[in-house]
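Below: the structure, in structure tokens.
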Amino acid sequence: MVEPSKPVDFIREIITEDIKNNKYESRVHTRFPPEPNGYLHIGHAKSICLNFGIANEFKGLCNLRFDDTNPIKEEIEYVESIKEDVRWLGFDWEDRLFYASDYFEQMYRYAAQLIKMGKAYVCDLSADEIREYRGTLYKPGKDSPYRNRSVEENLDLFERLRKGEFPDGSRTLRAKIDMSSGNINMRDPVMYRILHSEHHRTGNKWCIYPMYDYAHCISDSIEGITHSICTLEFEDHRPLYDWFLDQLNVFHPQQIEFARLNLSYTVLSKRRLIQLVQEGHVRGWDDPRMPTISGLRRRGYAPGAIRNFCERIGVAKRDSLVDIELLEYYIREDLNKRAPRVMAVLRPLKVVIINYPENQVEELEAINNPEDPGMGTRKVPFSRVIYIEHDDFREDPPKQFFRLAPGREVRLRYAYYITCVGIVKDEKTGEVVELHCTYDPKTRGGDSPDRRKVKATLHWVSAPHSIEAEVRLYAHLFTKPIPGEESGDFKTDLNPKSLEILKSCCVEPCLADAKPGDRYQFERQGYFCVDPDSIDKKPVFNRTVTLKDTWAKIEKSLK
RNA sequence: UGGGGCGUCGACAAACGGCAAGUCAGGAGAUUUUGGAUCUCCCAUGUGGAGGUUCGAAUCCUCCCGCCCCAGCCA
């Protein structure tokens, strides 16, 4: 069989060409450079798969580097979660865990060098003044009055900046480039700002911190990164990236930009994700409705499925919106092969099998996974009183409804054919609360000797043997493919029904000792994952994703 | 009114001057002890538009149109 070839994207093409031309001695070295100011999400997964994936494919290396140049926003909690998530996704940075803050001293020396070259200067303009002097998109900026200070004065001032002689915001170090450039990033960008703030790694050693544009290219250069892959919004920054490295005449990695991931029915910006958490729209960063890696993990998504998804969506430069159904497809594909099947009744309807002997219990054999016979079989207890799914009975069924109805015979999976012979209703509400059925003893195991057909097979749980469980059903967090597209505020499109909690579900006894993180298929319903909230004798399940549901589609078209 | 990018099916995405891949979604059927899974078939005479070059254009050229990003001492 021919192995399906992996998609070759424009980045891999560039790298292949570079290797051919012996650029960087045919070495490939990438990096994943998160800022530790939030949790990783599925969009980061795309970048992680790209950077680590390329390193693997080209027999190169990929570093994990924290871009920690802003002590005000960054926290140790985030670096720990990021490490865990990258590892969980299946990637290994080995001994190459770095921090931009590791290079602060070197960056300082390079900055001094730029000053000596007359390429950087200390500027006394306030933030507002800098903005004023910068001009606009359509109007060139004008030179700062401090632009032509002598090298000696600049050096002296820069040293005193470091010593902490000046308050926050009073001065900056700026690159001397071109205030009339069409590219605003080149209008004497700030390289260092004064921040008397404790850094999670360097403590109080520094009170000046480098800006991204300056820090990133130097970090890449120091680490010998060959291909510095980032998202499209940094395309405008590439001339600056190149400028610093050219002026300094140091090792010069190549920056390549690709389009970030957008997913329908979800938001993927840190700002909005943090808002969802802080304002309590979700229960935390790892809420199973969140597109964070920790949320997806708790939801039951497997790392391999996420990797398959990231590979399939490809890498390109055009803005795109990936249909979340594609993600769900890969989740199902993965779980279909691996998840053991069990029976669980989410909305129980009591069924008494009136011709089945009282007190009799049978152990029926059930297949754990029809996709993988190696997963074996198990025994499921059957008795006179069982629960079936409320939705599996209709007193007055529409034409395409194949399931149980008055007088109709259906199969109970791995058990017997049953026929509905009576309905018990709540006197006040008229709601169906119990069914009376008869069973055909000759259909034990679910096959009838006379080959007569039934149109439906129902899952069930024996009432006296069932275990009570809580099940949390999740739907998309937002009701619109692009949240906030119409109103301008993504929160107006929050889905009020994104979480439904069912407290008294009945699951089969083999689930008694399920462990948090275990994944199952509840037959005919979906894939479910045991939540860490589970307590002894009261498991909690998260619905990872539903099964494809043809009936739901029919029912919808009926309305 | 400046600079940088991008337009191929409902959604992703290949093609690199020579027959518009593939995946998801959607539709039809087969099969089925999960209305699951699996299998088969259908789904762009056409690549934002108009011209041009060429035996031949999604691909090269010209003009036009549309969309995204940039005016943090954030990354």
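Each chain gets a letter, A, B and so on, in the order its sequence line appears, and its residues count up from 1.
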Could you tell me the separation between the CZ atom of A:Arg312 and the P atom of B:rA11, rounded to a whole number of Å? 17 Å
Could you tell me whether A:Arg452 and A:Asp440 have a side-chain N and a carboxylate O separated by less than 4.0 Å? yes
Any base atoms under 4.0 Å from A:Ala316, or only sugar-phosphate, or nothing? Heavy atoms, all strands. sugar-phosphate
Please tabulate, one pair per line, each protein N/O and nucleotide N/O from nucleotides 36-38 of chain B that are separated by under 3.5 Å, including the distance.
from	atom 1	to	atom 2	distance (Å)
B:rG36	OP1	A:Thr550	OG1	2.6
B:rG36	N2	A:Glu371	OE2	3.0
B:rA37	O2'	A:Asn336	ND2	3.3
B:rA37	O2'	A:Glu371	OE1	3.1
B:rA37	O2'	A:Glu371	OE2	2.8

Can you tell me the base-pairing partner of B:rU31? Count Watson-Crick or G-U wobble geometry only, both distances below 3.5 Å, and say none if there is no partner. none
Which is true for A:Gln400 with a 4.0 Å heavy-atom rule: it touches a base, it touches only sugar-phosphate, or it touches nothing? base
Distance criterion of 3.5 Å, no angle test: do you see the side chain of A:Asp236 paired donor-to-acceptor with the base of B:rG3? yes
Mind checking A:Met186 for me? I need base, sugar-phosphate or nothing, with any heavy atom below 4.0 Å counting as a touch. nothing
Write down the atom of A:Arg65, the atom of A:Pro34, and the distance for their closest heavy-atom approach. O-CD, 3.2 Å
Check whether the side chain of A:Arg403 and the base of B:rG35 form a donor-acceptor pair under 3.5 Å. yes
Shortest non-hydrogen contact between A:Arg403 and A:Trp551, atoms and distance: NH1-CD1, 3.3 Å
Identify the nucleotide, in any strand shown, that forms a Watson-Crick or G-U wobble pair with B:rG2, with both distances under 3.5 Å; if there is none, say none. B:rC70
Pairing check on B:rA37: which nucleotide meets the Watson-Crick or G-U wobble criteria with it, both distances under 3.5 Å? none
Strictly below 4.0 Å: does A:Arg134 bring a side-chain N or O up to OP1 or OP2 of B:rG72? yes
Quick one: label A:Phe401 by what it contacts on the DNA or RNA (base, sugar-phosphate, nothing), any heavy atom closer than 4.0 Å. base
Answer with base, sugar-phosphate or nothing: what part of the nucleic acid does A:Phe234 contact at a heavy-atom distance below 4.0 Å? base
Atom pair distance, as rounded to whole Å: CD1 in A:Ile184 and P in B:rC70: 11 Å
Does a salt bridge link A:Asp102 with A:Arg201, judged by any charged N lying under 4.0 Å from a carboxylate O? yes
Watson-Crick or G-U wobble partner for B:rG56, using a 3.5 Å limit on both distances? none
Looking at A:Tyr417 and A:Thr443, what are the two nearest heavy atoms and their distance? N-OG1, 2.9 Å
Select base, sugar-phosphate, or nothing to describe what A:Tyr330 touches, counting heavy atoms under 4.0 Å on all strands. sugar-phosphate
Should A:Asp549 and A:Arg524 count as an ion pair when the cut-off is N to O under 4.0 Å? no
Which nucleotide sits closest to the side chain of A:Lys553: B:rC24, B:rG35, B:rG26? B:rG26
For A:Asn262 and A:Leu268 the tightest heavy-atom approach is CA-CD1, 4.4 Å
Check if the side chain of A:Glu13 and the base of B:rC16 share a donor-acceptor pair of N or O atoms closer than 3.5 Å. yes
Within the pair A:Thr69 and B:rA75, is there a side-chain N or O less than 4.0 Å away from OP1 or OP2? yes
Quick one: A:His237 NE2 to B:rG5 C1', roughly how many Å, whole number? 13 Å
Nearest-Å distance, CD (A:Glu325) to P (B:rA11)? 14 Å
Using the closest heavy atom to pick a nucleotide of RNA chain B for each, name whichever of A:Val315 or A:Tyr192 lands nearer the 5' end. A:Val315
In terms of heavy-atom contacts, A:Pro33 and A:His216 come closest through CB-CE1, 3.6 Å
Does A:Glu165 pair with A:Arg160 as a salt bridge, N-O distance under 4.0 Å? yes
Between atom CZ in A:Arg238 and atom P in B:rC70, what is the gap in whole Å? 17 Å
G-U wobble or Watson-Crick pairing nucleotide for B:rU47 (cut-off 3.5 Å, both distances): none
Let me know the distance between CG of A:Asn262 and P of B:rC67, rounded to the nearest Å. 17 Å
Of all the nucleotides listed (B:rC74, B:rU1, B:rG10), which has the minimum atom distance to the side chain of A:Asp323? B:rG10
Measuring from the side chain of A:Arg318 (C-beta onward, heavy atoms only), which nucleotide among B:rC74, B:rG7, B:rU23 has the closest atom? B:rG7
Are the ring centres of A:Tyr520 and A:Phe528 closer than 6.0 Å? no
Which pair of heavy atoms, one from A:Cys506 and one from A:Pro348, lies closest together, and at what distance? SG-CG, 3.7 Å
Base, sugar-phosphate, or nothing: which does A:Ile554 touch, judged by heavy atoms less than 4.0 Å apart? base
As a test of reading the structure: which of B:rC68, B:rA11, B:rC73 is closest to the side chain of A:Asp319, going by heavy atoms? B:rC68
In whole angstrom, give the distance that lies between atom CG of A:Leu125 and atom P of B:rA71. 18 Å
Give one of base, sugar-phosphate or nothing for A:Asn37, where a contact means two heavy atoms less than 4.0 Å apart. nothing
Pick one for B:rG72: is it syn, with its angle within 90° of 0, or anti? syn
Classify the nucleic acid contact of A:Thr172 as base, sugar-phosphate or nothing, counting any heavy atom under 4.0 Å across all strands shown. base
Closest to the 5' end of RNA chain B, once A:Ile194 and A:Ser320 are matched to their nearest nucleotides, is A:Ser320
From NZ of A:Lys455 across to P of B:rU34 the rounded distance in Å is 15 Å
Using a heavy-atom cut-off of under 4.0 Å over every strand shown, decide if A:Ile130 touches base, sugar-phosphate, or nothing. base
Options B:rG35, B:rA75, B:rG4, nucleotide nearest the side-chain atoms of A:Glu235: B:rG4
Of the candidates B:rA75, B:rU34, B:rC12, the side chain of A:Ile313 sits closest to B:rC12
Check whether the aromatic ring of A:Trp551 stacks on the base of B:rG35, taking stacking as ring centres less than 5.5 Å apart and planes within 30° of each other. yes
